[in-house]
*Asks:* 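Have a look at this one before I ask anything.
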Amino acid sequence: MISAVAKSGSFAPYLKNTSQAVVSSLKTAVKPVAVSSSDKVVAPSPVQSTVDLSVGSPLNRGKVAVAYSLNGPLQVRSVHTDVKVPDFSFYRKPSTLDPTKKAEATEASRKTFSYTVTAGGFILSTYAAKNLVTTFVSSMSASADVLAMASIEVNLNEIPEGKSVTFKWRGKPLFIRHRTAKDISNEAAVDLGSLRDPQHDNERTKDPKWLIVIGVCTHLGCVPVANAGDFGGYYCPCHGSHYDASGRIRKGPAPLNLEVPPYEFKEDGLLVVG
């Protein structure tokens with residue numbers, strides 16, 4: 001290449017052959033290197049050409065200016081003068097096309113529409129959130145069969161005096177005892193100082209004739225036997241706990257009295273527990 005020959009001037013004393021210039025793709029005419037009879041090769045001066053591709057030039061079709069040389073860098077400069085700004089007038093409201101005028105006629109209607117859509121979305125979101133919370137809370141509530149066991153109704157007219165009947169309430173045994181006058185007088189005369197869990201008989205009954213307690217021993221959860229034990233009340237055969245006719249612990253390892261559930265008396269001798 002001629003550029004290599006042009007840069008080889010310092011090596012001229014060591015060269016003996018001649019070099020041939022090849023025309024580049026830019027069609028630049030270069031004279032061949034003159035060869036003397038001596039051993040030295042004379043390098044030609046660098047050739048630089050410039051093609052005018054400016055905007056006004058007839059050779060410019062793509063609006064590009066190019067400057068090149070055989071031993072210099074190539075420069076390309078683009079001039080973007082044909083960029084068109086997009087027009088969105090087709091998508092705008094006719095009342096807003098003129099930027100010098102304020103669209104007061106449609107401003108109120110557009111605000112009303114925006115506020116209506118916002119309020120409607122808020123109301124729908126609130127209603128959906130309310131339904132979601134209601135469904136979630138309802139799924140955590142007790143089922144129908146559990147609610148049916150939450151309370152129990154007992155006809156007290158069917159329980160004779162001096163008898164104790166066992167029912168099932170919330171998965172636990174329920175003792176209902178129809179006490180005699182002797183039972184009532186004996187339990188009312190008990191000295192509270194002698195009790196492990198002091199509690200008067202009046203505090204454990206709403207009607208002295210009826211004793212309603214949960215039949216679960218307060219020691220380890222066994223089921224006592226009714227009308228048994230040293231005090232004529234309840235007796236737990238598992239560990240020997242004795243309860244009187246008021247359900248109070250009198251002897252044995254049990255620490256507390258039998259639990260009294262919430263109950264109330266209805267008309268016609270109907271008892272509702274729970």
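These values consider heavy atoms only, across backbone and side chains, with no hydrogens, waters or symmetry-generated copies. Keep in mind that this is a model prediction, so the values were computed, not measured.
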*Asks:* Identify, with sequence neighbours excluded, every residue that meets side-chain hydrogen bond (donor to acceptor under 3.5 Å, both in side chains) alongside D87.
*Replies:*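 S89.
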*Asks:* Just to verify, what does H239 make a ring pair (Phe, Tyr, Trp, His ring centres under 6.0 Å) with, not counting sequence neighbours?
*Replies:*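 Per chain and number, H239 pairs via ring pair (Phe, Tyr, Trp, His ring centres under 6.0 Å) with H219.
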*Asks:* Nearest 0.5 Å, what's the CH2-CD1 distance between W169 and I212?
*Replies:*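 W169 atom CH2 to I212 atom CD1 measures 11.5 Å (nearest 0.5 Å).
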*Asks:* Only pairs under 3.5 Å count here: list side-chain donor-acceptor contacts from residues 244-255, not counting sequence neighbours, and write none if there are none.
*Replies:*
unit_1	atom_1	unit_2	atom_2	d
D244	OD1	S246	N	3.0
D244	OD1	G247	N	3.1
D244	OD1	R248	N	2.9
D244	OD2	R248	NE	3.1
D244	OD2	R248	NH2	3.3
D244	OD2	R250	NH1	3.1
S246	OG	D201	OD1	2.7
R248	NH1	Q199	O	2.9
R248	NH2	E187	O	3.1
R248	NH2	E187	OE1	3.0
K251	NZ	D230	OD2	3.2

*Asks:* List the residues meeting salt bridge (charged side-chain N to carboxylate O under 4.0 Å, His left out) with E153, not counting sequence neighbours, and say none if there are none.
*Replies:*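 None.
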*Asks:* Hydrophobic cluster mates of F113, side-chain heavy atoms under 4.5 angstrom, ILVMFWY only, any path?
*Replies:*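 F113 clusters with V117.
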*Asks:* Between N186 (side chain) and K182 (backbone), is there a donor-acceptor pair under 3.5 Å?
*Replies:*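 Side chain of N186 to backbone of K182, a donor-acceptor pair under 3.5 Å: yes, one is there.
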*Asks:* Keeping the roles fixed (side chain from Y263, backbone from V213), state whether a donor-acceptor pair exists under 3.5 Å.
*Replies:*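 Here the side-chain-to-backbone pair does not exist.
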*Asks:* With sequence neighbours left out, what residues match E267 under side-chain contact (heavy atoms from CB on, under 4.5 Å)?
*Replies:*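 E267 satisfies side-chain contact (heavy atoms from CB on, under 4.5 Å) with no residue once adjacent residues are dropped.
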*Asks:* Please enumerate all residues that pass side-chain contact (heavy atoms from CB on, under 4.5 Å) together with S185, with sequence neighbours excluded.
*Replies:*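 For S185 there are no side-chain contact (heavy atoms from CB on, under 4.5 Å) partners, ignoring immediate neighbours.
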*Asks:* Output yes when K266 and E264 qualify as a salt bridge under the 4.0 Å nitrogen-oxygen rule, no when they do not.
*Replies:*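 Between E264 and K266 there is a salt bridge, with a charged N closer than 4.0 Å to a carboxylate O.
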*Asks:* Which one of I176, V154, L271 satisfies the side-chain contact (heavy atoms from CB on, under 4.5 Å) criterion with W210?
*Replies:*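 Between W210 and the candidates, side-chain contact (heavy atoms from CB on, under 4.5 Å) is satisfied uniquely by I176.
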*Asks:* Can you tell me which residue pairs pass the ring pair (Phe, Tyr, Trp, His ring centres under 6.0 Å) test with a partner in residues 180-199, sequence neighbours excluded?
*Replies:*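 Non-adjacent pairs meeting ring pair (Phe, Tyr, Trp, His ring centres under 6.0 Å): zero.
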*Asks:* Does K84 have any salt bridge (charged side-chain N to carboxylate O under 4.0 Å, His left out) partners at least two apart in sequence or in another chain, and if so, which?
*Replies:*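 Checked K84 against salt bridge (charged side-chain N to carboxylate O under 4.0 Å, His left out); zero matches.
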*Asks:* Can you name the side-chain contact (heavy atoms from CB on, under 4.5 Å) partners of N155, sequence neighbours left out?
*Replies:*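 Residues passing side-chain contact (heavy atoms from CB on, under 4.5 Å) with N155: N157, E158.
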*Asks:* To which residues is V190 joined in a hydrophobic cluster, defined by side-chain heavy-atom contacts under 4.5 Å among Ile, Leu, Val, Met, Phe, Trp and Tyr, whether direct or through other members?
*Replies:*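 L192, L195, listed by chain and number.
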*Asks:* Between F231 and H242, how do the two ring planes meet: parallel, tilted or perpendicular, split at 30° and 60°?
*Replies:*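 Perpendicular, since the angle between the ring planes exceeds 60°.
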*Asks:* Using atom types as modelled, flag every donor-acceptor pair under 3.5 Å from a side chain in residues 124-134 to any protein atom, sequence neighbours excluded.
*Replies:*
unit_1	atom_1	unit_2	atom_2	d
S125	OG	G121	O	2.8
T126	OG1	F122	O	2.8
T134	OG1	K130	O	2.8

